[in-house]
S.K.: 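Questions regarding the structure given below will be posed in turn.
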Amino acid sequence: MVNSNTSALGIIFPNSYDMLIPELVNVRLMASIPFASRYRLIDFILSSMTHSDIGNVSIMVNNNYHSLMDHLGSGREWDLVRKNGGLHIFPPFAEKASKQYTGRVDALAGILDFIRDQKEKYVVLTDTNIAINFDFKAMIQAHIESGADVTIAYNEQEIPKGFLKSGPKDKCLYYTLDIEDGKINKIYLNSKESGVKNLSMNLYVVERELLISLIEAAAIQGHVYFERDVLMPIINKMNIRGYKYDGYIARITDMKSYFDENMKLLDDYNLESLFSRAPIYTKLHGGDPTRYLEDAKVSEVMAADGCVIEGNVENSILFRGVKIAKGATVKNCILMQGTVVEPGAEIEYLVTDKNVTVSAGKAMKGTDTFPVYIGKFQTV
């Protein structure tokens with residue numbers, strides 16, 4: 001069991017960037033998108049919080065949250081079943097003042113009474129469109145030592161294509177940072193500049209009392225977004241600092257990035273980089289080990305438990321209970337839980353959602369630049 005440390009309250013926004021990957025969030029939210037054979041995206045943030053002694057975690061769901069609630073349950077797998085603190089899920093209208101929110105300001109305004117009642121000195125705010133094995137404790141310590149009012153985690157990378165191609169109608173806001181000696185001098189909204197940038201991870205540390213005062217003032221003025229409406233106007237009035245993250249990060253911004261970030265984990269170096277710092281917890285299933293039958297030919301495959309493989313599988317990610325029949329060929333695919341590939345079928349560059357059936361003898365091929373997505377419960 002992890003020892004509780006009441007220094008920080010975690011608040012997670014699981015619907016952020018849903019609009020960028022509509023195929024996968026039709027029946028779920030970003031946080032519950034399956035990733036890396038047996039996990040959901042939220043597992044990485046929740047596990048990182050647990051390992052950083054953050055034992056009081058609130059999740060601000062907005063819509064399509066039933067699969068997430070089923071996955072999280074009571075929070076036992078993440079050691080979040082506690083008398084004090086633990087896991088709190090706030091659906092829309094859970095509180096008298098709460099409603100479906102657009103940005104973090106109106107989301108937090110809806111639970112201000114709850115935040116006031118907590119005892120932690122600091123609050124960690126984060127989205128779930130990134131898979132990281134993150135040391136929140138180190139970031140909080142850096143925040144304290146720097147004397148910052150707000151600390152923003154960032155990494156150095158080019159702006160993802162999924163961000164660049166999103167339009168105003170998507171309400172997709174992303175931020176790049178101008179940093180000098182650790183201090184953020186300017187925050188840029190939806191920059192289209194090329195080259196490596198200081199790209200915000202939308203992960204923040206702020207004192208709880210300061211957050212309350214900022215949200216109270218912003219809500220009165222009808223503001224919506226924490227970064228755009230709260231932080232950007234006060235950038236020169238407060239000590240807002242950057243926290244550079246050099247570890248492994250998988251950032252999901254569209255279907256192509258989802259495909260690519262999964263496939264990268266077939267490289268042992270990337271797999272080790274993501275999972276080596278601390279264990280990543282997920283919902284437990286009592287499935288049997290994967291079985292590779294006599295005629296199976298397998299190369300560069302990540303397979304969860306419960307799979308049955310008789311055919312040929314190459315360079316693919318298989319989630320729980322996938323079945324590949326004799327004579328079937330699977331290359332460069334992501335097959336989610338319960339997918340069945342019948343005898344003689346040939347598929348390449350496919351992403352299948354849960355419980356898809358690829359019929360016997362069927363041939364389907366996408367490309368590296370445009371993987372084909374098959375929706376949940378479909379037979380093709």
Side-chain angles (χ1 to χ4, degrees), residues 8-35 39-50 54-118 120 123-130 170-173 202-204 208 211-212 215-216 218-219 222-226 252 281-283 353-354 376:
L9 164 69
I11 300 181
I12 299 173
F13 300 87
N15 287 98
S16 299
Y17 299 118
D18 281 1
M19 72 294 293
L20 294 182
I21 189 163
E23 303 95 331
L24 292 179
V25 299
N26 184 41
V27 292
R28 59 172 71 89
L29 36 60
M30 177 68 74
S32 59
I33 289 177
F35 187 78
Y39 301 94
R40 304 293 183 105
L41 283 175
I42 198 170
D43 293 339
F44 296 87
I45 292 294
L46 269 185
S47 299
S48 296
M49 286 186 172
T50 295
I54 298 175
N56 188 359
V57 179
S58 296
I59 301 178
M60 301 294 300
V61 297
N62 213 4
N63 50 51
N64 285 346
Y65 52 85
H66 296 291
S67 65
L68 180 66
M69 296 180 72
D70 176 70
H71 178 70
L72 295 177
S74 64
R76 183 174 301 279
E77 284 83 358
W78 299 269
D79 189 30
L80 290 172
V81 179
R82 305 186 180 198
K83 183 176 180 180
N84 298 310
L87 182 67
H88 306 270
I89 299 177
F90 288 95
F93 316 109
E95 300 283 320
K96 184 177 181 180
S98 69
K99 60 185 186 305
Q100 283 196 319
Y101 61 86
T102 301
R104 295 188 184 192
V105 170
D106 47 346
L108 293 171
I111 62 163
L112 270 182
D113 287 342
F114 169 81
I115 297 174
R116 289 189 188 98
D117 290 340
Q118 305 312 297
E120 291 80 7
V123 178
V124 172
L125 308 172
T126 181
D127 295 328
T128 57
N129 68 313
I130 53 176
D170 296 319
K171 298 180 181 178
C172 171
L173 305 184
N202 289 359
L203 198 162
Y204 305 87
R208 183 173 58 86
L211 179 65
I212 291 170
I215 296 302
E216 283 177 334
H223 292 323
V224 174
Y225 296 104
F226 182 67
I252 310 303
Y281 305 126
T282 191
K283 180 180 179 180
D353 213 312
K354 295 175 66 175
K376 195 174 181 179

S.K.: Going by the rule ring-ring contact (aromatic ring centres under 6.0 Å, His included), which residues pair with His223 if we only count those two or more places apart in sequence or in a different chain?
M.R.: none
S.K.: Over all heavy atoms of both residues, which pair between Val25 and Asp18 is shortest? Give the atoms and the distance, please.
M.R.: CG2-O, 3.2 Å
S.K.: Side-chain contact test, heavy atoms from C-beta onward, threshold under 4.5 Å: evaluate it for Tyr225 versus Leu173 and give yes or no.
M.R.: yes
S.K.: To the nearest 0.5 Å, how far apart are NE2 in His88 and CD1 in Ile12?
M.R.: 12.0 Å
S.K.: Can you confirm whether Leu72 sits close enough to Leu80 that some side-chain heavy atom of one is under 4.5 Å from a side-chain heavy atom of the other?
M.R.: no
S.K.: Taking side chain as C-beta onward, heavy atoms only, is Val61 less than 4.5 Å from Met69?
M.R.: no
S.K.: Would you check if Tyr204 and Asn202 make a side-chain contact, meaning some heavy-atom pair closer than 4.5 Å?
M.R.: yes
S.K.: Please examine the side chains of Tyr101 and Asn62, heavy atoms only from C-beta on, and report whether any two atoms are closer than 4.5 Å.
M.R.: yes
S.K.: May I have the step-by-step check of side-chain contact (heavy atoms from CB on, under 4.5 Å) for Glu120 and Ile54, ending in yes or no?
M.R.: CA-CA 10 Å; Glu120 291 80 7; Ile54 298 175; over 6 Å; no
S.K.: Between Arg208 and Ile115 (side chain of the first, backbone of the second, donor and acceptor by atom type, cut-off under 3.5 Å), is there such a pair?
M.R.: yes
S.K.: Considering residues at least two apart in sequence or located in another chain, which fulfil the side chain to side chain contact (heavy atoms under 4.5 Å, CB included) criterion with Thr282?
M.R.: Arg38, Tyr39, Asp43, His71, Arg320
S.K.: Checking Phe226 against Ile215 for the side-chain contact (heavy atoms from CB on, under 4.5 Å) test, could you report, in this order, the C-alpha distance in whole Å, the side-chain angles of both residues, the deciding distance, and whether it holds?
M.R.: CA-CA 8 Å; Phe226 182 67; Ile215 296 302; 4.1 Å; yes
S.K.: Give me the atom names and distance for the closest heavy-atom approach of Ser32 to Arg40.
M.R.: O-NH1, 2.7 Å
S.K.: For the CG atom of Leu211 and the CD atom of Glu216, what is their distance to the nearest 0.5 Å?
M.R.: 10.0 Å
S.K.: Applying side-chain hydrogen bond (donor to acceptor under 3.5 Å, both in side chains), name anything that partners Asn64, two or more places apart in sequence or on another chain.
M.R.: none
S.K.: Between atom CG of Leu87 and atom CH2 of Trp78, what is the distance when rounded to the nearest 0.5 Å?
M.R.: 8.5 Å
S.K.: Determine whether Asn26 and Asp353 make a side-chain contact, defined as any pair of heavy atoms from C-beta on separated by less than 4.5 Å.
M.R.: no
S.K.: Measure across Thr128 and Met30 and return the closest heavy-atom pair with its distance rounded to 0.1 Å.
M.R.: O-CG, 3.9 Å
S.K.: So, for Pro14 and Ile59, which heavy atoms are closest and what is the spacing to 0.1 Å?
M.R.: CG-CG2, 3.6 Å
S.K.: Tell me the closest heavy-atom pair linking Tyr281 and Ser47, and the distance in Å.
M.R.: N-OG, 2.8 Å
S.K.: Tell me the closest heavy-atom pair linking Leu9 and Ser58, and the distance in Å.
M.R.: CD1-OG, 4.3 Å
S.K.: Rounded to the nearest 0.5 Å, what separates atom CG in Leu29 from atom CG in Leu24?
M.R.: 12.0 Å
S.K.: What is the distance from atom CZ of Arg104 to atom CG of Leu125, rounded to the nearest 0.5 Å?
M.R.: 5.5 Å
S.K.: To the nearest 0.5 Å, how far apart are CG in Asn129 and CG in Asn15?
M.R.: 11.5 Å
